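The structure under discussion appears below in the form of structure tokens.
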Amino acid sequence: MHVLVLGAGQLARMMSLAGAPLNIRISAFDVVSEKIVHPLTQEILGSGLDTAIEQADVITAEFEHIPHDILHHCEKSGKLLPGAQAIKTGGDRRLEKNILDKSGVKSAKYYVIKTRDDFDHAIRHVGIPMVLKTALGGYDGKGQWRLQTSSDADEIWPEIQNSIDSTENQAVVAEEFVPFDREVSLVGVRDKTGKIVIYSLSENIHTKGVLSLSTSIDDPELQKQAHSMFSAVANTLNYTGVLALEFFDVGGKLLVNEIAPRVHNSGHWTQQGAETCQFENHLRAVCGLPLGSTKLIRPTSMINILGEDTLPEAILETDGCHIHWYGKEKRPGRKMGHINVCAEDYTGLQQTLASLAKVLDEESFPAVHQFTEV
Ligand code: AMP
């Protein structure tokens with residue numbers, strides 16, 4: 001099988017690593033250079049997009065911000081999974097909210113803003129405090145504002161208006177501020193026949209809007225809620241492949257924050273913590289193969305490596321630690337790789353994370369520093 005991935009970053013790279021044992025070969029379309037590249041070496045593979053589409057058995061995507069003309073071009077071949085509509089939904093907060101409403105799944109109260117009148121209406125309808133997010137192009141907390149009091153509305157409006165005016169078809173989604181206890185996410189997979197399997201929920205800690213730490217959690221009640229919300233969304237989208245839902249946990253009740261129509265950073269722990277990792281299961285789903293077990297084999301955390309290209313050797317010396325570099329050039333705050341940390345039980349996991357806190361820099365690995373030895 002030959003799979004063409006739209007996007008040539010770390011997710012395509014990890015799909016390639018997971019696909020190799022199944023003889024699934026990956027080539028990647030770099031949307032910036034518009035070249036077909038090898039997902040591990042970034043070597044240019046000669047053929048252009050049209051030839052790559054022709055040569056591929058299946059086409060999939062590693063991120064949702066793919067230019068729409070390319071998505072539609074790929075969809076015409078009949079090989080694109082998940083479909084263009086599902087991928088576009090992840091890249092436009094208006095479509096995302098529509099799908100959530102259509103699926104009967106709860107999310108924060110919202111109002112779509114294009115004009116100052118809309119903004120005033122949103123203040124009355126959604127209430128304050130309020131979170132404002134660009135409909136297109138926002139991720140990792142970028143393109144967001146907070147409105148704490150109505151007297152600040154005049155001050156932030158010019159910036160919001162500028163953002164709406166500077167991109168075609170842009171709008172801002174105003175959302176009620178959710179006083180959540182924690183953020184969790186569910187990664188699952190739906191195959192071509194509609195069969196759904198899900199992984200254990202992850203608890204996610206973000207620092208400055210970027211995911212820092214994800215840990216598998218064992219919470220049957222929450223898992224049940226997340227499962228039914230996941231099934232509703234995946235079925236509404238008639239989805240094939242791995243899909244992630246990000247939630248706010250408010251007193252044990254889940255609200256969906258975001259839909260990611262792809263393998264997800266909060267599912268990287270499945271490489272060591274689950275029977276079949278998310279990358280392999282995504283490939284199995286889009287290639288029409290039977291799905292693998294998503295069973296949690298041991299409690300696992302994933303620590304993102306942000307803006308660092310070396311790690312203390314102590315990480316490799318620590319039992320249960322696995323490093324995954326992405327082979328990228330170092331830039332401040334850039335996702336350079338991750339460390340998966342496994343243990344026999346949650347106490348052991350906490351102990352290992354506490355021991356890592358002693359050797360990892362607090363600035364680059366803030367979330368790990370909340371763990372102290374028990
Ligand atoms: P997002 O890009 O939507 O994932 O937002 C980035 C981060 O902002 C989230 O991980 C939350 O920590 C926070 N956030 C987003 N929306 C809300 C909301 N409606 N209420 C409170 N916090 C939010």
Side-chain angles (χ1 to χ4, degrees), residues 11 63-65 87-101 105-113 119 122-150 152-153 156 159-160 163-164 167 170-187 201-215 217 222 226 229-230 233 243-268 302-304 306 333 335 366-367 370:
L11 303 179
F63 77 129
E64 50 275 29
H65 302 291
I87 297 170
K88 285 199 279 188
T89 298
D92 185 333
R93 292 187 195 271
R94 288 163 292 196
L95 299 177
E96 204 173 29
K97 286 288 193 185
N98 273 334
I99 288 294
L100 294 173
D101 292 344
V105 161
K106 283 214 170 90
S107 72
K109 200 161 147 195
Y110 70 99
Y111 194 79
V112 178
I113 297 176
F119 187 30
I123 292 170
R124 292 191 300 275
H125 174 75
V126 172
I128 285 176
M130 177 197 281
V131 181
L132 298 121
K133 309 176 182 182
T134 53
L136 302 172
Y139 61 95
D140 283 347
K142 295 186 178 78
Q144 294 199 6
W145 300 264
R146 299 278 192 274
L147 182 65
Q148 304 292 356
T149 65
S150 52
D152 292 340
I156 65 167
E159 211 184 301
I160 294 172
S163 166
I164 293 171
T167 308
Q170 184 63 288
V172 162
V173 177
E175 227 178 58
E176 70 177 312
F177 179 84
V178 178
F180 57 81
D181 301 316
R182 60 177 176 170
E183 293 184 84
V184 299
S185 58
L186 188 72
V187 174
L201 276 162
S202 316
E203 180 171 350
N204 304 323
I205 298 173
H206 297 85
T207 310
K208 295 184 196 144
V210 180
L211 184 65
S212 176
L213 181 80
S214 256
T215 302
I217 53 174
L222 221 54
M229 292 162 104
F230 182 95
V233 173
L243 171 76
L245 292 190
E246 294 182 38
F247 302 98
F248 297 128
D249 175 0
V250 191
K253 295 270 174 271
L254 296 179
L255 287 181
V256 175
N257 175 31
E258 272 191 334
I259 302 174
R262 54 175 167 79
V263 286
H264 195 251
N265 198 171
S266 71
H268 290 1
M302 187 264 349
I303 305 167
N304 263 340
L306 302 172
K335 287 180 185 170
Q370 71 184 26

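In this chain, residues are counted from 1 in sequence order. Nothing here was measured: the structure is a model prediction, and the numbers come from that model. Basis for what follows: all heavy atoms, side chains included, without hydrogens, waters or symmetry-related copies. Each ligand, and each atom within it, is numbered from 1 in the order the structure gives.
Of all the heavy atoms of Val178, the ones lying under 4.0 Å from any atom of ligand 1 are found in both the backbone and the side chain. At a heavy-atom cutoff of 4.0 Å, ligand 1 is contacted by no atom of Lys208, backbone or side chain. Residue contacts with ligand 1, taken as heavy atom pairs separated by less than 4.0 Å, do not involve Lys109 at all. By the criterion of a heavy-atom distance under 4.0 Å, the backbone of Glu176, and not its side chain, is placed next to ligand 1.
Per-residue contacts place Arg93 under 4.0 angstrom from the following atoms of ligand 1 (heavy atoms of the residue considered): 2 (O), 3 (O). Counting the atoms of ligand 1 from 1 in the order shown, those under 4.0 Å from a heavy atom of Val131 are 17 (C), 18 (C), 19 (N), 20 (N). Against a heavy-atom cut-off of under 4.0 Å, Gln144 is close to the following atoms of ligand 1: 1 (P), 2 (O), 3 (O), 5 (O), 6 (C), 8 (O). Distances below 4.0 Å separate heavy atoms of Lys133 from the following atoms of ligand 1: 3 (O), 15 (C), 16 (N).
Applying the side-chain contact (heavy atoms from CB on, under 4.5 Å) rule to Lys109 yields the partners His125, Glu176; only residues at least two apart in sequence or on another chain are considered. For the salt bridge (charged side-chain N to carboxylate O under 4.0 Å, His left out) test, no residue two or more places apart in sequence or in another chain qualifies with Lys88.
No donor-acceptor contact under 3.5 angstrom links the side chains of Ser202 and Ser214, judged on distance only. Using a 3.5 Å distance cut-off with no hydrogens or angles, the side chains of Ser212 and Asn304 do not pair a donor with an acceptor.
Atoms CD1 and CG, from Ile217 and Asn204 in turn, are 8.5 Å apart once rounded to the nearest 0.5 Å.
Distances between N or O atoms of Phe248 and those of ligand 1 include no value under 3.5 Å.
Side-chain atoms of Trp145 and Thr134, non-hydrogen and from C-beta on, do get closer than 4.5 Å to each other.
In this structure, the side chain of Gln170 engages the main chain of Ala135 through a donor-acceptor pair within 3.5 Å.
The residue from His206, Arg146, Glu183 that puts a heavy atom closest to atom 8 (O) of ligand 1 is Arg146.
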